[in-house]
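First comes the structure, then the notes that go with it.
The figures that follow rest on heavy atoms only: side chains count, while hydrogens, waters and symmetry mates do not. Here is the naming used below: chain letters follow the sequence lines, and residue numbers restart at 1 for every chain.
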Amino acid sequence: KAGVTQTPRYLIKTRGQQVTLSCSPISGHRSVSWYQQTPGQGLQFLFEYFSETQRNKGNFPGRFSGRQFSNSRSEMNVSTLELGDSALYLCASSFLAGVNTGELFFGEGSRLTVL
Amino acid sequence: AQTVTQSQPEMSVQEAETVTLSCTYDTSESDYYLFWYKQPPSRQMILVIRQEAYKQQNATENRFSVNFQKAAKSFSLKISDSQLGDAAMYFCAYRRNFGNEKLTFGTGTRLTIIP
């Protein structure tokens, strides 16, 4: 069974640009969450989607947005990039219909560098 | 708000020995999950062990076990017979048992295995 797949793995952008990251959850998983990981702030929750609806949102500015498609794949977008947006962005999926063990399954992440 | 505290930024242990990583958390909820995740240098977050708050029995997964003290809000991880492959960042995490709840992570403990 394939795990959580994130693309791209690495990317470099310049300040002011925008970026879109993609996440394909484990087959059958309906919930997708996004986390930002930085050395200074650690792991911080961005948002969570379930059945194409954002159900929960962390404390990030509106430049950070996301969406989920009908096949549960998710994208997150960061507009007007700032140097501080450099981070590892982790996607996680969970909730096989009817089974909720509480755990999240993580992808390998997308490493974003903003110059 | 829930918080998770890992007071040991770094730990080291001799190969084949036992090491305990500490974690405390703060919550007013009664129904929640606790997790230990491992993030090796390859950076994919992998679940090590999970504990449901309503279960008094401590979880065990092969060489990994926890000491869950609900009243003290403590959740330590014991690794027995440490192996070189155990070297990684270990994150303690909390999640309320509700569909859209986020994971709240501690700051992590970097574990080094000494051959």
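How far OG1 of B:T104 is from CD of A:Q44: 10.5 Å, rounded to the nearest 0.5 Å. Here the CD atom belonging to A:Q37 is positioned 4.0 Å from the CD atom belonging to B:Q39, to the nearest 0.5 angstrom. If you take OG on A:S33 and CZ on B:R95, they are separated by 6.5 Å, rounding to the nearest 0.5 Å.
Counting side-chain heavy-atom gaps under 4.5 Å among Ile, Leu, Val, Met, Phe, Trp and Tyr, B:I46 is found in no cluster with other residues.
When the candidates B:Y37, B:F91, B:Y32 are compared by the number of heavy-atom contacts under 4.5 Å with chain A, B:Y37 comes out ahead. Contacts with chain B were tallied for A:F105, A:Y35, A:F50; A:Y35 has the most, counting heavy-atom pairs under 4.5 Å.
Contact of A:Q6 with chain B is not made at all, since no heavy-atom distance falls under 4.5 Å. For A:Y49, no part sits under 4.5 Å from any heavy atom of chain B, backbone or side chain.
The stretch residues 71-83 of chain B places none of its residues near chain A, where near means some heavy atom under 4.5 Å from a heavy atom of that chain.
Every residue two or more places apart in sequence or in another chain that forms a ring-ring contact (aromatic ring centres under 6.0 Å, His included) with A:F60 is listed here: A:F64.
Looking at B:F35 and A:L104, their side chains never come closer than 4.5 Å, going by heavy atoms from C-beta outward. When side chains are defined from C-beta on, A:F106 counts as touching B:L103, because their heavy atoms get closer than 4.5 Å.
Heavy atoms only, all atoms of each residue included: B:M45 and A:L43 are closest at CE-CD1, 3.7 Å.
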For residues 6-18 of chain B, tabulate all N or O donor-acceptor pairs below 3.5 Å that involve a side-chain atom, not counting sequence neighbours.
unit_1: B:Q6; atom_1: OE1; unit_2: B:C92; atom_2: N; d: 2.9
unit_1: B:Q6; atom_1: OE1; unit_2: B:G108; atom_2: N; d: 3.1
unit_1: B:Q6; atom_1: NE2; unit_2: B:Y90; atom_2: O; d: 3.0
unit_1: B:Q6; atom_1: NE2; unit_2: B:T109; atom_2: OG1; d: 3.4
unit_1: B:Q8; atom_1: OE1; unit_2: B:S22; atom_2: N; d: 2.7

